[in-house]
Amino acid sequence: MMESAKRLLDAIDTPADLRKLDAQNLRAVSKEIRDFLVDAVSKTGGHLGAGLGAVELAVALHYVFNTPKDKLVWDVGHQAYPHKILTGRKNRFNTMRQLNGLSGFLKRSESEYDVFGAGHASTAISAALGIASARDFNHEQYKVVAIVGDGSMTGGMAYEAMNNAGLLKKDMIVVLNDNKMVSLSSLTPSIWSFHNYFSEVLTHPGYNKFKANVWELTGKLDTFGDRLRSVAQNFEKGMKAVMTPGMMFEALGFRYFGPFNGHNVVKLVEVFRHVKNLKGPILIHVITEKGKGYEPAEKEATRLHGVTPFDKVTGIQLKKAGEPASYTSIFGNALVEICETNSKVVGVTAAMPDGTGLTIFQKRFPERFFDVGIAEQHAVTFAAGMATEGFVPVVAIYSTFLQRAYDQIIHDVAIQKLNVVFVMDRGGLVGADGATHHGAFDLSYLRCIPGMVIMAPKDEQELRDMLYTAVEYKAGPIALRYPRGNALGVSVRKGFEKIPIGVGEIVRTGNDVAILAIGNMVQYSLAAADLLEKEGILAEVVNMRFAKPIDLNLLEKIARNFDKIVTVEENSIHGGFGSAIMEALTQFPHKHISVKLHGLSDQFIEQGSPSELLALAQLNAKGITDVVKEFCTTHQSQNVSIERRAL
């Protein structure tokens, strides 16, 4: 039996190895990278579609530019898997997004080739301009290339950076990886107006009929016809400059080249070599296909954008049967039910309708659904505008992405006391996406805003009721957050009930220590109370429901009955729910009380499975048990004692 031929990729550990190859071999390298990527991600899970579409781009860039001396700045880091494969990390791909493994995004501490960390979108041009400016200050000589795409150009920050780059006239290159998909929507994935306009012009029957007629006529006129064709070609180029995004980029101070086929790696090498030494800001527009080369991902780019382990043949992700519904789907279905009887409610998201559950709403009420692209700032102010006219916008954005719109929440919503409902999916530790995507700060960054109400449900029934409560609330902004993943599987009644604002509930009685929990930490605290009882410690568990306002009546009762209180939250302990409890306790002239704040510490937590991360943070049942037991053992009630405990 013949031994299989050795892959070219096997000999590539760094871009220097890639550059030893003849350019004609790059097609074979690209195919091998694509096959490697599908095989690796099918086993570990991760981001698939964007990387498949950027294979030739990564190969050509590393082939032409002298990385790592020349700087490649990737936007939305999930398109950079091929870049990781080429920069010494292919042998660690089996650890992708796992505890102590490779990050699913760009990470400076992971490789010298990761020039700038990227997990969120629209940052590359700003960072690249900063690097180019620093280069010139230092009188150094190297190239700076920003690679933007997969929705980045719907974010306003990209245009702010381009405007500044055009004014500064720094030598830098922006590669626009235009894969036509700018929203993770299985229904309407393409919403970038410039791409739509560009496609309409170049595919318009009238434009192409005119072009064909000119070519047919001039073809009959020999030498004179050739001259007319040359004039027609120049005219066509001029028309493209007026009618395509090239005009806008040129107006911003960039020299525009394109569009080019982003999957013709030899042509890309030629283009990059041509522009490499040009002066001033350059923009190269390449057209790619998300999921390129893997049929399931080409057909279902949104579903195979980010995946759990899947069958390579079918692209079907492996799921366990009989699991409870996700919090995301419970939210989406509840919103549809509410909107059946309330015509003033609208749904707003920022390129994440599938991920936030709003696709369910979009199917039922397409005219009341708004996907603004990766533009969280715009999403919030857009919602505020609708609220001024009596509508109730439900803004569904991941906790980590809502951080990008913080000024708009304060200036455009809270100061004006507008009734905007913020629904934050992925509140807490999200798992494999790591530090850039954990929802670790929302309770803290929202709690300090005057007039903001913040809720977190303990289960799916409470999520439904909190959403209904938020929609009916009329006194200003209100937010609710819930975790990624499946709910608890509790039975859900028909209809909705309003929850009184700022009112918690005791869910288990005890007399040794009070555990005050919020959100999904209630279930873990109840499980911990069972374990503590076996140790002879009777814990009272309180579902506080609200991080703001705190239920002062309930807290005063607890302060009278207990001298030991533990707060539990899946949020930073700095400025979070526990801090709110401490602030509230200062209002009560009661006996000395010892309080332990238990949550996430003052550090960025890396990737891992949710269960691994909760265990490390001691926020699972066993961890909470150990923390409470140690606290009760060492507690002394002679003086007020405040302890902060976290990972």
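Positions are given from 1 along the sequence. Owing to the predicted nature of the structure, the values given are computational and were not obtained by experimental measurement.
Between Asp530 and Arg508 a salt bridge is recorded (basic side-chain N to carboxylate O distance below 4.0 Å).
The minimum heavy-atom distance between Val55 and Ser30, with the atom names listed, is CG1-O, 3.4 Å. Across Met172 and Val174, no two heavy atoms sit closer than the pair CE-CG2, 4.1 Å. Here the shortest heavy-atom pairing between Val175 and Leu57 reads CG1-CD1, 3.7 Å.
For Phe401 and His120, the gap between ring centers is short of 6.0 Å.
The side-chain contact (heavy atoms from CB on, under 4.5 Å) test with Thr87 singles out one residue from Pro15, Pro68, Pro82, and that residue is Pro15.
Between His78 and His47, the two ring planes are parallel [angle under 30°; tilted spans 30° to 60°].
Listed by first and then second residue, the salt bridge (charged side-chain N to carboxylate O under 4.0 Å, His left out) pairs that reach into residues 292-302 are Glu295-Lys299, Glu300-Arg303, sequence neighbours excluded. Sorted by first then second residue, the salt bridge (charged side-chain N to carboxylate O under 4.0 Å, His left out) pairs that include residues 618-632, not counting sequence neighbours, are Glu535-Lys629, Lys622-Asp626.
In this model, a donor atom of one side chain and an acceptor atom of the other lie less than 3.5 Å apart for Asp354 and Thr359. Using a 3.5 Å distance cut-off with no hydrogens or angles, the side chains of Asn520 and Glu570 do pair a donor with an acceptor. Using modelled atom types and a 3.5 Å distance limit, the side chains of Thr349 and Asp371 yield no donor-acceptor pair.
Take Arg484 and apply the side chain to side chain contact (heavy atoms under 4.5 Å, CB included) test, not counting sequence neighbours, and it matches Arg426, Val430, Asp433.
The closest donor-acceptor contact from the side chain of Glu32 to the backbone of Leu9 lies under 3.5 Å.
Figure legend: Lys71 and Tyr142 shown as a cation-pi pair, the cationic atom lying under 6.0 angstrom from the six-membered ring centre and within 45 degrees of its axis.
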Stepwise side-chain hydrogen bond (donor to acceptor under 3.5 Å, both in side chains) check, His62 with Thr67: CA-CA 6 Å; His62 280 294; Thr67 55; 2.9 Å; yes

